[in-house]
Amino acid sequence: MTRLPRSFFARPTLEVARALLGQRLVRLRAANRSAVPERLAGLIVEAEAYIGEDDLACHAHAGPTARNQVMYGPPGHAYVYFTYGMHWMLNFVTEAEGFPAAVLVRAIMPMSGLVTMRRLRRDRPDRILADGPAKLTQALDIDGAFNGCDLCGSRPSLFVEAARPVAESAVRYGPRIGLNNTPEPWKSLPWNVKVDQTSEFFKTHTCVKRDQQQGDMDVI
DNA sequence: AGCACGATTAACT
DNA sequence: GTTAATCGTGCTC
């Protein structure tokens with residue numbers, strides 16, 4: 001299980017967003033100080049690019065602030081922010097230090113730690129366990145405490161592993177989600193990437209009756 | 001100091 | 001299809 005190095009994130013943001021599809025997001029979660037951390041993980045199936053101060057949908061559009069400072073820092077760190085008064089969003093900082101850009105992780109396909117993830121999601125059906133940006137932070141127990149954490153450091157509790165490459169034919173490009181008040185052209189730029197749900201990738205990795213699955217679907 | 005709104009979700013009709 | 005929930009942030013006064 002090779003962890004993605006900082007050089008993976010130190011690239012053009014659109015390239016990183018596309019390359020993240022099919023990779024495994026891993027959260028090592030210790031229930032208490034002495035417990036062995038449990039592995040919660042899923043394959044990234046949707047992501048979105050936010051690129052620089054010129055991008056009016058990007059939180060950096062008005063320059064550096066207390067909230068967005070992590071985006072100005074080195075790549076390979078988590079930018080986690082709070083929105084709508086109740087939701088946490090997970091992003092990965094990209095490009096060179098000093099240039100504010102990040103990839104929002106919008107959906108994962110749960111693979112490991114299903115039992116815990118279900119509990120964290122209050123037993124909602126598996127198909128809607130982590131299929132949204134705020135749902136996956138709930139399922140993985142990620143909040144503002146992770147803002148600024150290094151995904152590429154020595155013993156990270158949050159990181160990405162190389163996993164299942166996604167064929168270009170299975171990738172869909174479209175406008176970013178939820179930019180209702182963002183002016184054009186930013187509102188419509190096709191900076192959202194996702195794995196087509198009818199693709200072979202989904203058929204291969206989505207288990208038959210996930211609702212009955214007790215253990216993990218890992219390995220792969 | 002006040003205010004409008006948000007990179008959303010769940011529960012409605 | 002619509003809307004309430006809920007509060008930090010950044011912008012305006």
Side-chain angles (χ1 to χ4, degrees), chain A residues 9 12-21 23 25 27 42 44-73 75 77-95 99-110 117-149 151 158 160 171-195 197 211:
Chain A
F9 300 97
T13 309
L14 287 170
E15 201 176 311
V16 176
R18 163 65 181 88
L20 279 169
L21 296 179
Q23 313 291 14
L25 175 62
R27 156 85 159 106
I44 296 171
V45 290
E46 183 178 357
E48 221 161 64
Y50 289 86
I51 313 175
E53 295 179 346
D54 295 338
D55 175 4
L56 294 190
C58 181
H59 286 170
H61 69 85
T65 66
R67 177 172 65 157
N68 67 26
Q69 60 170 325
V70 173
M71 273 202 289
Y72 286 82
H77 289 249
Y79 167 46
V80 180
Y81 69 89
F82 186 66
T83 193
Y84 288 103
M86 64 191 93
H87 298 307
W88 294 101
M89 303 284 161
L90 172 65
N91 300 255
F92 302 145
V93 176
T94 57
E95 314 229 12
F99 184 86
V103 172
L104 169 69
V105 184
R106 286 198 59 93
I108 63 170
M109 181 187 297
M117 290 170 73
R118 289 182 185 119
R119 181 162 43 78
L120 290 166
R121 287 280 293 137
R122 309 197 61 172
D123 288 322
R124 291 194 166 76
D126 282 2
R127 64 188 161 71
I128 60 167
L129 223 49
D131 65 334
K135 299 181 194 178
L136 75 88
T137 57
Q138 282 173 34
L140 299 180
D141 193 23
I142 291 167
D143 63 15
F146 284 83
N147 189 39
C149 76
L151 310 167
L158 185 67
V160 187
V171 179
R172 297 291 173 266
Y173 298 83
R176 293 173 291 180
I177 310 301
L179 308 187
N180 301 312
N181 273 22
T182 302
E184 298 290 0
W186 314 107
K187 181 175 178 172
S188 300
L189 292 173
W191 288 359
N192 172 291
V193 290
K194 60 191 212 180
V195 181
Q197 297 210 16
D211 288 344

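Note on naming: letters A, B, ... go to the chains in the order of the sequence lines (proteins, then strands), and numbering restarts at 1 for each one.
Under the ring-ring contact (aromatic ring centres under 6.0 Å, His included) criterion, Tyr81(A) pairs with His59(A), Tyr79(A), not counting sequence neighbours. Applying the ring-ring contact (aromatic ring centres under 6.0 Å, His included) rule to Phe82(A) yields the partners Trp88(A); only residues at least two apart in sequence or on another chain are considered.
In this structure, Leu90(A) and Leu104(A) have side chains that are not in contact, with every pair of non-hydrogen atoms separated by 4.5 Å or more. The side-chain heavy atoms of His61(A) and Trp186(A), taken from C-beta on, include no pair separated by under 4.5 Å. Counting heavy atoms from C-beta on, the side chains of Leu158(A) and Leu25(A) come closer than 4.5 Å.
Within the structure, salt bridge (Lys or Arg N to Asp or Glu O under 4.0 Å) contacts touching residues 129-142 of chain A (residues at least two apart or in different chains) are Arg27(A)-Asp141(A), Arg29(A)-Asp141(A), Asp131(A)-Lys135(A).
Arg122(A) comes within 4.0 angstrom of no nucleic acid atom, judged by non-hydrogen atoms across all strands. Contacts of Leu104(A) with the nucleic acid, taken as non-hydrogen atoms under 4.0 Å apart, include base atoms. No contact: Asn180(A) has no heavy atom under 4.0 Å from any strand. As judged by a 4.0 angstrom heavy-atom cut-off over every strand, Ala134(A) is placed among residues touching the sugar-phosphate backbone only.
Across the P atoms, dC5(B) and dT3(C) are found 16 Å apart, a figure rounded to whole Å.
Think of the region where chain A sits on DNA chain B: with heavy atoms and a 4.0 Å cut, that region ends 5' and 3' at dG6(B) to dA11(B).
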How does DNA chain C read in dot-bracket, base by base from 5' to 3', with Watson-Crick or G-U pairs under 3.5 Å and | used when the partner is on another strand?
|||||.||||||.

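Ion pair Arg106(A)/Glu46(A) flagged as a salt bridge, since at least one NZ, NE, NH1 or NH2 atom sits closer than 4.0 Å to an Asp/Glu carboxylate oxygen.
Residue Gly63(A) comes nearest to Asn68(A) through the heavy atom pair O-ND2, 2.9 Å, listed as atom of the first residue, atom of the second, then distance. Here the closest heavy-atom approach between residue His77(A) and residue Gly148(A) is recorded as ND1-O, 3.2 Å.
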A correct 5'-to-3' footprint of nucleotides 2-13 of chain C, with B, S and - meaning base, sugar-phosphate only and no protein heavy atom under 4.0 Å, is ---BBBSSSS--

Which is it for Leu20(A) and Val103(A) under the side-chain contact (heavy atoms from CB on, under 4.5 Å) test, yes or no, and what are the steps along the way?
CA-CA 9 Å; Leu20(A) 279 169; Val103(A) 172; 3.7 Å; yes

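Between Asn181(A) and Lys135(A), the residue whose closest nucleotide on DNA chain B is further toward the 5' end is Asn181(A).
With hydrogens and angles disregarded, no donor-acceptor distance shorter than 3.5 Å links the side chain of Arg18(A) to the backbone of Val193(A).
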